[in-house]
2 protein chains.
Amino acid sequence: MERYVVGVDLGGTKIYTALADLRGRILAEARVPTGAAGGPEAVMERIAETVRRVLGEVGGAAPAAVGIGSPGMPDPATGAVYSSPNLGWDGVPLKKRMEEILGAPVLVDNDANLAALGEYSFGAGQGARHMAYVTVSTGIGGGLILDGRIYRGAGGGAGEIGHMVLDPDGPLCGCGRRGCLEALASGTAMAARARELVAAGRGKAILGEAGDRAGDITAVSVARAAAAGDAEAREIIFRAGECLGMGLANLINLVNPDRLVIGGGALGAGEPLWAGMERELSARALRPALDRVRVVMASLNGRSGLIGAVALAVNRELGSGNSF
Amino acid sequence: MERYVVGVDLGGTKIYTALADLRGRILAEARVPTGAAGGPEAVMERIAETVRRVLGEVGGAAPAAVGIGSPGMPDPATGAVYSSPNLGWDGVPLKKRMEEILGAPVLVDNDANLAALGEYSFGAGQGARHMAYVTVSTGIGGGLILDGRIYRGAGGGAGEIGHMVLDPDGPLCGCGRRGCLEALASGTAMAARARELVAAGRGKAILGEAGDRAGDITAVSVARAAAAGDAEAREIIFRAGECLGMGLANLINLVNPDRLVIGGGALGAGEPLWAGMERELSARALRPALDRVRVVMASLNGRSGLIGAVALAVNRELGSGNSF
């Protein structure tokens, strides 16, 4: 009898669920709003609904395992979710409750770890031994696959590159500290730099992309202006890329990976970001470490986390050890 | 029959060799000058002499294994030593030649990895699961023990925290880059800051500790002036400590260890260094990561590397996997 697994990418705004076979092939998908405001129990019931819906595609078979990627800090030992402002959760027993509701083994990990595992298992990280994954979007996150396994560290927080300090007196970060990578190189950071420029009476092209409303400037406004050839927008993106390159150099020097996979929506800012990143990466990384690493773009697009949740469940079945 | 191992700490100026039993108890020691100027073959013959000398203490028994810690970048696969300016070596087949000379299994690793292993096995890292070791002396180095094993990365360079960029426009580092942790927080960095101060007509107390010769100012001059209550010297050390704390915060955020062991001669700079370090570490590290880690001083003093070389050999015999 064919066995199936289910992967769930639980986000602050949507729940994205996929049915797959043990080779990781996706057979059915479902996507619903998270509705986090309704509280954890309602969210977990909604996850269960999507799991049952995709299983309906194969006659309602019981899943061999369900992998769930969650924002915040899932406890590696218990699968309870802590410190997730996106969901408003702190101490929700996600694994335990989902196992009660579904009657199947449930594995929980943090979304960045699972995006890393997804790229490693079925994407741009295939064939690597020590892989670092960094995602650049509104925030900056990351995950590490060391010796072929998710490396979680003591509390499940390993790979948290977004709050690496690169400029002790730099711009304020959402975390309350100054000069974190996320405050320098994320989409949010690019938008903030653009708004500062506009407030100083410059950045006309960027402002135009935001319908002449400074408050509406986002990273997309900057990317569009840059794509249309605006030098100020390109400079903002290039500078963000340089900061990203510095952070990645620190990561490479410390972790010495053979593959570095970069994903996330901010890559849509295009060539100036990559150019700035490559420049500082080459300048700052130690030569022996740089010579050993291949730097590539993520290949699963926005689905790294979903595919990683599938991979987590598959690995449990196939015994490769990436489970709790 | 009792079995013995030998550990060798190969440094740029001295070779330090110890005989131990499989419980890591040191039974005999020898120390000779490295004489690196005489070339690799002469150095390797000298290592062999010290190994034979300590084995003489137990009647010249054959060692079960010999562990050697080397500066530079030993290749994890072959045990050949690359990129060691201290020895002037680049591509010396240390493991292969020492096995030929000694007729016993030889294991080679980098000195920082072995200092980490020494503290983990027999020092301040005992009982940890994920341990980071950072040594602050004339330079800054480090090693990682993850899941109870030396984590070397793709090319043996993992844990290289000294060239983490913390201030892109900061002081020039020995590596040619700017604003590396080593250029901000090492003993060499403290001495450089003190010389700048003296060049600007200040730092009288520090200058006095160096016999009024600005060119003779070292980290020890700064430490002595600080110990005598000089505010300028204390400020230099405190600032170095702050930079160290920032670097350690980045390390903790990325690796999420449960133990952080700090060693090296620069700890002799005393309380202002530790105070600056703790201040920035608390301010910059992510709370969940900080809550999980215990920060302690190395307990094997200058012998972490030697004891780590012993541990490498012991582990090979006992099969804990920290060998090539």
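In what follows, chains carry the letters A, B, and so on, assigned in the order in which the sequence lines appear, proteins first and then strands, with residues in each chain numbered from 1. These numbers were taken from a predicted model, which means no experiment stands behind them.
Residues B/I68 and B/L107 form no side-chain contact, since every pair of their non-hydrogen atoms from C-beta on lies 4.5 Å or further apart. In this structure, A/L181 and A/V165 have side chains that are not in contact, with every pair of non-hydrogen atoms separated by 4.5 Å or more. By the 4.5 Å heavy-atom criterion applied to side chains, A/L87 and A/V92 are not counted as neighbours. Residues A/V261 and A/V134 are not in side-chain contact: their nearest non-hydrogen atoms beyond the backbone lie 4.5 Å or more apart. Using a 4.5 Å cut-off on side-chain heavy atoms (C-beta onward), A/M277 and A/I262 make contact. In this structure, A/I236 and A/L197 have side chains that are in contact, with non-hydrogen atoms separated by less than 4.5 Å.
For B/A132, no part lies under 4.5 angstrom from a heavy atom of chain A. Contact annotation for B/L251: both backbone and side-chain heavy atoms come within less than 4.5 Å of a heavy atom of chain A. Heavy atoms of B/A285 lying under 4.5 Å from chain A belong exclusively to its backbone. In this structure, the portions of B/M164 lying under 4.5 Å from any heavy atom of chain A include both its backbone and its side chain. In this structure, the portions of B/P168 lying under 4.5 Å from any heavy atom of chain A include both its backbone and its side chain.
When all heavy atoms of B/L281 and B/A249 are compared, the pair lying nearest together is CD1-N, 3.5 Å. Considering every non-hydrogen atom in both B/A185 and B/V136, the closest pair reads O-CG1, 3.6 Å. A pairwise comparison of heavy atoms in B/A309 and B/L114 identifies CA-CD1, 3.7 Å as the closest pair. In terms of heavy atoms, B/A266 sits closest to B/M190 at CB-CE, 4.1 Å.
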Give each N or O donor-acceptor pair spanning chain B and chain A at a distance under 3.5 Å, with atom names and distance to 0.1 Å, or state none.
from	atom 1	to	atom 2	distance (Å)
B/Y151	OH	A/V255	O	2.9
B/A154	N	A/N256	O	2.6
B/A154	O	A/R292	NH1	3.1
B/G155	N	A/N256	OD1	2.9
B/G156	N	A/N256	OD1	3.2
B/G157	N	A/N256	OD1	2.7
B/G159	N	A/L254	O	2.7
B/V165	N	A/N250	OD1	2.7
B/V165	O	A/N250	ND2	3.0
B/P168	O	A/R284	NH2	3.2
B/R177	NE	A/A283	O	3.2
B/R177	NE	A/R284	O	3.2
B/R177	NH2	A/A285	O	2.9
B/R178	O	A/R284	NH1	3.1
B/N250	OD1	A/V165	N	2.7
B/N250	ND2	A/V165	O	3.0
B/L254	O	A/G159	N	2.7
B/V255	O	A/Y151	OH	2.9
B/N256	O	A/A154	N	2.6
B/N256	OD1	A/G155	N	2.9
B/N256	OD1	A/G156	N	3.3
B/N256	OD1	A/G157	N	2.7
B/A283	O	A/R177	NE	3.2
B/R284	O	A/R177	NE	3.2
B/R284	NH1	A/R178	O	3.1
B/R284	NH2	A/P168	O	3.2
B/A285	O	A/R177	NH2	2.9
B/R292	NH1	A/A154	O	3.0

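Between chain A and the options B/A283, B/G162, B/A289, heavy-atom pairs under 4.5 Å are most frequent for B/A283. Residue with the most contacts toward chain B among A/L254, A/L166, A/V255: A/L254 (heavy-atom pairs, distance under 4.5 Å). The greatest number of non-hydrogen atom pairs below 4.5 Å with chain A, out of B/V293, B/I161, B/L286, B/I252, is found for B/L286. Ranked by non-hydrogen atom pairs under 4.5 Å with chain A, the options B/A128, B/G142, B/G155, B/C243 are led by B/G155.
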